[in-house]
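This report concerns only the one structure given below.
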Amino acid sequence: MLTPSQEEVTVQQRVAELERRFGDPADPDNPLGLDVLLAADERGELLAAAEEELAAFGLNAEFVPRHLGGRLDRIDTLGRVLRAVFRRDASLGLGYGATSFLAAVAVWAGGTREQQREVAELLLGGGRLAIAYHELAHGNDFVRNEFRAVPTDDGFVLEGEKHVINNVVRAEALVLFSRTEESAGSRSHSVLLVDKSRLPTDRYGYLPRYETVGVRGCQNAGVRFSECPLAGDALIGRLGDGVELALRSFQITRSVLPSMILGGGDTALRTAVGFALDRKLYHRSVLEIPHARATIVGAFTDLLISDCLALAATRAVHLLPEATSVYAAAVKYLLPKLLTETAYDLSIVLGANFYVREGAYGAFQKHVRDLPMISLGHAGTAACQATIIPQLPRLARTSWFTGTAAPAGLFRVRDPLPPLDTGRLVLVAGSDALVGSLEGAAERIAEERRAGEYTGALTALAAALEDELRSLQAECRDMPPKDRTVLASPKAYAIADRYTLLLAGAACLGVWSHQSPEDDAFLASPAWLAAALTRLVKRLGHPLPKLPDGWDDRLLDEVLNRFHEARSYDLYDTPIAG
């Protein structure tokens with residue numbers, strides 16, 4: 001049994017090993033460098049040499065629980081490790097690894113011991129899983145899926161089509177969301193684990209590949225089954241468990257995937273900083289232009305905001321499973337939105353170089369195309385908001401301003417966590433300690449010596465968040481029944497957006513409050529928190545206090561130090577290659 005410090009060292013070693021294997025992305029002689037990855041993207045391929053390197057590293061072990069022979073024990077660690085891959089190529093992160101994890105979660109959450117053993121052996125042996133929720137006719141409304149698995153005396157008969165499945169051709173096994181009952185209702189669908197080697201080859205075939213603007217290397221295609229027999233032991237969980245199993249799985253996958261893609265945001269910012277330092281305009285560097293400086297500081301702040309929320313959401317899977325339903329949807333909604341907006345803001349710094357698809361700045365354009373694609377699919381923006389909205393009236397009545405504090409472990413960047421227990425995940429959030437922690441935040445800041453000259457500004461910003469929560473509470477309590485359904489009004493969707501911003505603010509406050517200067521001098525300092533809360537409060541439409549002079553210089557210094565010393569632009573401040 002590893003001690004917490006030993007556990008942290010092993011995680012750092014895994015990240016460092018991935019960085020070493022992939023090397024400096026900017027090195028033109030690197031066979032896994034930026035030039036080669038961009039060329040593969042232009043061809044719509046995953047770089048074979050990069051996949052081989054990930055196989056040699058044993059990336060699939062990150063997706064397999066420890067008791068089954070893998071390295072998966074913490075959801076926050078999984079996101080942290082995969083950032084090294086997404087930093088270079090989102091297509092590779094999804095196409096080689098994350099897609100298999102998205103499928104495997106259903107097996108870890110509801111499969112038999114034999115199913116779990118089979119999937120673990122497949123992944124640890126370098127194999128792939130693909131997950132099939134989609135049907136184009138119904139999109140995110142997967143409960144209306146028409147793909148059928150008709151129960152028989154000895155199993156099922158598969159009939160119909162599934163669309164836009166990443167790796168459906170390359171994967172050795174599929175996780176299929178299927179209608180198993182003709183009547184409507186929550187028990188109408190089931191989830192099946194399909195080993196393709198056990199299927200008659202004349203009963204299924206593949207649909208043409210879908211071309212996409214982003215993540216072009218991912219091989220998205222479809223599959224068609226025609227009276228295809230399937231053994232009964234393919235059923236994951238019980239007949240009719242499909243909706244429940246999917247919703248429990250989403251609480252994990254929606255939490256961790258946005259955490260992974262922060263690596264792409266890191267590259268976008270790093271590329272813009274390099275450009276601003278190197279390029280001259282009117283006899284001075286672009287970085288000397290006030291707008292460019294402000295944009296770069298703002299982008300760094302947005303990455304910190306995003307990572308605070310990602311940290312809270314992934315650690316909540318372990319610490320607050322009764323609340324993860326709403327937190328996972330919130331992080332999956334807000335992070336791709338923030339990162340996409342941040343990338344477009346940075347594109348103004350690059351000017352015409354934003355359109356370059358090769359060379360030193362080609363990575364930026366690629367990440368701008370890739371980031372929005374992450375928010376698509378069965379867990380897209382509208383689906384996440386639709387998950388949040390019906391839960392808000394209950395949380396407003398029972399969880400906000402009740403004095404329940406979020407545990408300190410939710411915000412501690414490197415602290416240990418209890419083992420993952422998917423059985424504790426619930427379909428509807430029963431509490432909300434994270435946003436509830438905004439209660440009294442202003443008073444706590446006023447008593448915090450670390451706030452220093454920022455005390456007045458931080459107190460005002462925290463008070464604005466608490467006032468917004470009180471306003472939101474009143475609106476949620478009065479939300480009409482129609483707004484708690486799929487027919488929700490635009491106002492209800494706006495309420496969900498405001499709620500996610502409050503969660504992000506609470507996460508930032510929590511991270512700052514629970515960091516000591518000995519652990520991390522930068523995270524313990526008030527400048528970044530003031531910048532983060534200012535950006536969130538501005539989005540919420542509240543007046544902004546004046547920040548002390550030099551706050552932006554403090555953040556810009558951190559940006560430049562991390563750039564020159566090759567350290568990541570996230571909470572972990574990790575050494576990286578290049």
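The pair R88-E19 meets the salt-bridge criterion, with a side-chain N (NZ, NE, NH1 or NH2) lying under 4.0 Å from an Asp/Glu carboxylate O. One finds a salt bridge joining R198 and D233 here, because a Lys/Arg side-chain nitrogen approaches an Asp/Glu carboxylate oxygen to under 4.0 Å. The pair E341-R539 meets the salt-bridge criterion, with a side-chain N (NZ, NE, NH1 or NH2) lying under 4.0 Å from an Asp/Glu carboxylate O. D41 and R369 are joined by a salt bridge, as a carboxylate oxygen and a charged side-chain nitrogen come within less than 4.0 angstrom of each other. Salt bridge E159/R148: absent, no basic N to carboxylate O contact under 4.0 Å. Looking at E51 and R128, a side-chain N of the basic residue comes within less than 4.0 Å of a carboxylate O on the acidic one, giving a salt bridge. Under the 4.0 Å criterion applied to side-chain N and carboxylate O atoms, E7 and R74 are assigned as salt-bridge partners. The pair R357-E42 meets the salt-bridge criterion, since a charged nitrogen lies less than 4.0 angstrom from a carboxylate oxygen.
Looking only at distances, no side-chain donor or acceptor of D266 sits under 3.5 Å from a matching main-chain atom of R87. Of the possible donor and acceptor atoms, one in the side chain of N30 sits under 3.5 Å from a partner among the backbone N and O of F22. In this structure, R83 contributes its side chain and S259 its backbone to a donor-acceptor pair below 3.5 Å. Distance alone, capped at 3.5 Å, places no donor-acceptor pair between the S255 side chain and the T314 backbone. Although no hydrogens or angles enter the test, the distance criterion places a donor-acceptor pair under 3.5 Å between the side chain of N167 and the main chain of G95.
Residues N166 and T99 bring a donor and an acceptor atom of their side chains to less than 3.5 Å of each other. Side-chain contact, Y333 with D497: a donor N or O sits under 3.5 Å from an acceptor N or O. At a cut-off of 3.5 Å, with distance as the only test, a side-chain donor of Q12 or E8 sits close to an acceptor on the other residue. Looking at R254 and T387, their side chains do bring a donor and an acceptor atom within 3.5 Å of each other.
How far OG1 of T271 is from NZ of K366: 12.0 Å, rounded to the nearest 0.5 Å. Note: T301 OG1 to L338 CG = 11.5 Å, rounded to the nearest 0.5 Å. A distance of 7.0 Å separates CG of L304 from CG of L555, quoted to the nearest 0.5 Å.
In this structure, F250 has its ring center closer than 6.0 angstrom to the ring center of Y133.
Applying ring pair (Phe, Tyr, Trp, His ring centres under 6.0 Å) to F225 and the options Y206, F147, F156 leaves one that passes, F147.
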After noting the C-alpha distance and the side-chain angles of T342 and D302, does the key distance pass the side chain to side chain donor-acceptor pair (under 3.5 Å) rule? CA-CA 7 Å; T342 296; D302 282 346; 3.0 Å; yes
Quick one: do E17 and R14 satisfy salt bridge (Lys or Arg N to Asp or Glu O under 4.0 Å)? Show the steps, please. CA-CA 5 Å; E17 175 66 9; R14 276 143 59 192; over 6 Å; no
Kindly indicate, with the supporting measurements, whether the criterion side chain to side chain contact (heavy atoms under 4.5 Å, CB included) is fulfilled by L257 and K332. CA-CA 8 Å; L257 187 58; K332 185 62 170 62; 4.2 Å; yes
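With a 4.5 Å cut-off on side-chain heavy atoms, W108 and P65 count as touching. With a 4.5 Å cut-off on side-chain heavy atoms, L571 and L311 count as touching. Put simply, the side chain of L230 reaches to within 4.5 Å of the side chain of L192, judged on heavy atoms. F63 has its side chain within reach of L78: a pair of non-hydrogen atoms, C-beta onward, lies under 4.5 Å apart. When side chains are defined from C-beta on, E244 counts as touching R248, because their heavy atoms get closer than 4.5 Å.
By the 6.0 Å contact criterion, CD on E358 is open, its count of non-hydrogen atoms from other residues, nucleotides or ligands being 12 or less. The number of heavy atoms from other shown groups lying within 6.0 Å of CZ (R414) is above 12.
The aromatic rings of H163 and Y210 sit perpendicular, their planes meeting at an angle over 60°, well past the 30° parallel limit.
Across all their heavy atoms, A310 and L335 have their closest contact at CB-CD2, 3.9 Å.
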